[in-house]
S.K.: 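I'd like to ask some things about the structure below.
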Amino acid sequence: MKLDDLGDWRRSHYTIEVTPSIDGEEVIVMGWIRDIRDLGGIRFIVLQDKSGKVQITIPESIVDKETLKKSGLLHRQDCIAVKGIVRKMERAPRGVEIIPKEIRILGVAKHPLPIDVTGKTPADIDVRLDARVLDLRTDRSQAIFKIRHTTLEATRHFLLGKGFLEVNTPKIIASATEGGAALFPIVYFEREAFLAQSPQLYKEELTIDFEKVFEIGPAYRAEKSHTRRHITEFTSIDIEEAFATVEDVMKVAEELMYYVCKVVREKCREELRILKHEVDLPSLPMKRLTYDRVIEELHERNVKIEWGKDIPTVAYRILGKIHPYFYFITDWPTKLKPFYIKPRDDDPGISEGFDLMWSWIEIASGGTRIHKRDLLIKRLKEQGLPIESFKYHLQTFDYGMPPHAGWAIGLERLVMMLTGVKNIREVVLFPRDRFRLTP
RNA sequence: GCCCUGGUAGUAUAGUCCGGCCUAGUAUAGGCGGCUGUCGCCCGCCCGACCCGGGUUCAAAUCCCGGCCAGGGCGCCA
């Protein structure tokens, strides 16, 4: 089909701005055809733009022949511009419709489409991700990403209000430093480099310069996990604060969770309705369970975990049934935590690290960091990490490292909680997992 | 790395256990026709599929073996 040019047409109104109060005005709207209902002598076209939808009504007796003919050529998801007169009409959705004078076809869609954008015929997650750009047009996807956007907006607003400075640290790093999660190796000219698994060391170092920093950025994990809560590229919300301890930053975390829930509840009512999901306001302070207490609770339910061992997923699922919303797990055995987490002064076997849980899923982890160089070296050795790889990091401890604490929140897991979505890939535009690298 | 499950039109499903009744049903999308107030419009007609390879059998969508692809779970982790 021959496409029309945009020409000198510019949008005069978003669809949401077409209301009964502008009855009789001429408008130009632009967007995509969501649905067409042809009744013979009258044709209804639902036009969708980023703001919402409006009905274009084409009664054969009113509209001129050429526009009538053109309107008959249209399909779902074609991109069009419509110049027409707004008509107040009680029988139309939102009490208003547009009677077109001229239609310009700007882009066409090839049919049949791989997924139904009206959402009436469901599609599997795999099919949806293969046609992701089309899938993102659905009300469900639009709602999810509006909530994700609002979560980020609220998080920034909250942390900026607390005096944190937003930073960006390198995602290409020289060596596999932190231990733990596997890193992706990359070819960096004639050397090998890695994609960063977290901004951990950089954000700690930056407390010397800016005291309170946060970063919202990508993190990469080469884990072969294949579950609804794992992806290889995710977004980490990180904070680090000088002159603070685990209790101070746990407070920041729970207040942030409260604030984000509050903002999403207020600003995303329609989106939550579409997703048939409710967000409860957590009560503060959130429960603080020690690792010992968690082991006890599990014992009471016949799940035996030896002290010092990690908590397996089955146990977390049980824990999630006992504590269905947010709770902290504190006082972890030092050996279960990364080398930079500070052991307690009065009992070095226990750390000042914590996890923030949402039901059975870990949303965040953090704690007081070690700021004394000698202790850090001792812990590196205990965990069998190569001291020489930490040369630049250890060097910063000669520049007046303040006591500090921080945490990292997995944005996608937070958004899963806020949207009720069961698969993490649904809350990422173009997710990467063990098996998916495209689109 | 280990374990489980599945693969039928563009999409979503029925049929698979217990082989023949399958010329593979249904919905939706798409095409054609009809319909002047739809808003998951309606009505009629049409198009369109058993993942690939091998085996068993008179007969395979259905049973067996291999492959490929996908979903999920464990471990690890956010």
Side-chain angles (χ1 to χ4, degrees), chain A residues 34-46 53-63 68 72 75-77 87 89-95 97 99 109-131 134-135 138-139 178-183 197-200 218-238 309-317 336-338 355-358 361-366 407-417 422-425 427-428 433-436:
Chain A
R34 166 54 83 89
D35 211 358
I36 300 170
R37 282 181 289 276
D38 190 342
L39 273 64
I42 190 166
R43 184 176 285 142
F44 301 100
I45 292 172
V46 180
K53 297 170 202 136
V54 72
Q55 178 169 287
I56 313 295
T57 304
I58 303 129
E60 151 185 289
S61 54
I62 301 178
V63 171
L68 181 69
H75 305 88
R76 279 184 181 178
Q77 195 52 28
R87 186 162 81 170
M89 172 58 69
E90 285 202 3
R91 283 175 290 180
R94 291 173 34 234
E97 62 191 9
I99 309 297
K110 192 181 167 193
H111 281 269
L113 295 167
I115 58 168
D116 173 13
V117 284
T118 68
K120 281 175 270 180
T121 305
D124 293 338
I125 185 76
D126 193 47
V127 172
R128 293 178 51 199
L129 293 176
D130 280 343
L134 192 60
D135 176 60
T138 65
D139 288 343
E178 275 187 53
L183 303 196
Q197 65 176 132
S198 99
Q200 184 62 33
Y220 303 89
R221 303 277 165 95
E223 302 288 349
K224 290 180 175 176
S225 307
H226 192 224
T227 79
R228 286 178 299 179
R229 60 190 190 284
H230 288 90
I231 38 179
T232 52
E233 180 181 58
F234 66 97
T235 307
S236 183
I237 302 169
D238 273 85
K309 293 278 188 242
D310 227 325
I311 298 167
T313 304
V314 276
Y316 275 122
R317 286 182 192 268
L336 290 180
K337 285 289 166 189
D355 283 357
L356 174 59
M357 307 297 297
W358 156 57
I361 291 176
E362 187 182 339
I363 287 271
S365 69
W407 44 249
I409 291 175
L411 171 68
E412 284 80 11
R413 289 190 176 175
L414 178 59
V415 175
M416 284 172 80
M417 188 276 290
K422 296 285 188 290
N423 191 319
I424 195 165
R425 284 170 289 180
V427 307
V428 180
D433 64 36
R434 168 86 193 279
F435 301 106
R436 180 176 286 276

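A, B, ... follow the sequence lines: proteins, then strands. Residue 1 opens every chain.
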S.K.: Just how far is it from atom OG1 of A:Thr118 to atom CZ of A:Arg76, taken to the nearest 0.5 Å?
M.R.: 4.0 Å
S.K.: Taking CG from A:Asp124 and C1' from B:C69, how many angstroms apart are they, rounded to a whole number?
M.R.: 13 Å
S.K.: Does the side chain of A:His226 get closer than 4.0 angstrom to OP1 or OP2 of B:G71 through an N or O atom?
M.R.: yes
S.K.: Can a side chain N or O of A:Asn423 be found less than 4.0 Å away from OP1 or OP2 on B:G72?
M.R.: yes
S.K.: Under 4.0 angstrom, heavy atoms only, what part of the nucleic acid is A:Ser236 near: base, sugar-phosphate, or nothing?
M.R.: nothing
S.K.: Look at A:Arg436 and B:C69 and indicate whether a side-chain polar atom (N or O) is within less than 4.0 Å of OP1 or OP2.
M.R.: no
S.K.: In whole angstroms, how far is the P atom of B:G71 from the NZ atom of A:Lys422?
M.R.: 19 Å
S.K.: Could you let me know what B:C58 is paired to, Watson-Crick or G-U wobble, both distances under 3.5 Å, or none if it's on its own?
M.R.: B:G20
S.K.: Once each nucleotide of nucleotides 34-44 of chain B is scored for protein heavy atoms under 4.0 Å, what B/S/- sequence comes out, 5' to 3'?
M.R.: -BBBBBBB---
S.K.: In Watson-Crick or G-U wobble terms, both distances under 3.5 Å, what is the partner of B:U28?
M.R.: B:G10
S.K.: So which nucleotide does B:A70 pair with, by the Watson-Crick or G-U wobble rule with both distances under 3.5 Å?
M.R.: B:U5
S.K.: Base, sugar-phosphate, or nothing for A:Ile231, non-hydrogen atoms under 4.0 angstrom?
M.R.: base
S.K.: Given B:G31, B:U11, B:C74, which nucleotide is nearest the side-chain atoms of A:Thr313?
M.R.: B:C74
S.K.: Looking only at atom C1', what distance separates B:G40 and B:U28, rounded to whole Å?
M.R.: 10 Å
S.K.: Start with the C-alpha gap between A:Asp35 and A:Lys53, add the side-chain angles, then the distance that decides, and say whether side-chain contact (heavy atoms from CB on, under 4.5 Å) holds.
M.R.: CA-CA 10 Å; A:Asp35 211 358; A:Lys53 297 170 202 136; over 6 Å; no
S.K.: From CD1 of A:Ile115 over to P of B:U13, roughly how many Å is that when rounded to an integer?
M.R.: 14 Å
S.K.: Restricting to non-hydrogen atoms, name the atom on A:Ile36 and the atom on A:Arg43 that form the minimum distance, rounded to 0.1 Å.
M.R.: CG2-CG, 4.3 Å
S.K.: Would you name the heavy atoms of A:Arg221 and A:Gln197 that are closest together and state the gap between them?
M.R.: NH2-O, 2.9 Å
S.K.: Is A:Asp135 touching bases, backbone alone, or none of the nucleic acid, heavy atoms closer than 4.0 Å?
M.R.: nothing
S.K.: Find which nucleotide of RNA chain B each of A:Ser365 and A:Pro114 is nearest to by heavy atoms, and output the residue with the more 5' nucleotide.
M.R.: A:Pro114
S.K.: Considering just the side-chain nitrogens and oxygens of A:Arg228, establish if one lies under 4.0 Å of OP1 or OP2 belonging to B:G73.
M.R.: yes
S.K.: Take A:Glu60 and A:Leu39 through the side-chain contact (heavy atoms from CB on, under 4.5 Å) test and state the conclusion after the steps.
M.R.: CA-CA 10 Å; A:Glu60 151 185 289; A:Leu39 273 64; over 6 Å; no
S.K.: For A:Arg94, which contact category applies under a 4.0 Å heavy-atom criterion: base, sugar-phosphate, or nothing?
M.R.: nothing
S.K.: Taking the side chain of A:Thr227 as heavy atoms from C-beta outward, which of B:A12, B:A78, B:G73 is closest to it?
M.R.: B:G73
S.K.: When you check the phosphate oxygens OP1 and OP2 of B:G73, does a side-chain N or O of A:His230 lie under 4.0 Å from one of them?
M.R.: no
S.K.: Among A:Arg87, A:Arg91, A:Glu97, find the residue that satisfies the side chain to side chain donor-acceptor pair (under 3.5 Å) test when tested with A:Thr57.
M.R.: A:Glu97
S.K.: Where is the tightest heavy-atom contact between A:Asp139 and A:Arg34, given as atom of each residue plus distance?
M.R.: OD1-NH2, 3.2 Å
S.K.: Return the nucleotide paired to B:G40: Watson-Crick means purine N1 to pyrimidine N3 with N6-O4 or O6-N4, wobble means G-U with N1-O2 and O6-N3, both under 3.5 Å.
M.R.: none
S.K.: Quick check: on RNA chain B, is the nucleotide nearest A:Ala123 upstream (toward 5') of the one nearest A:Ile424, or the reverse? Name the residue that is more 5'.
M.R.: A:Ala123
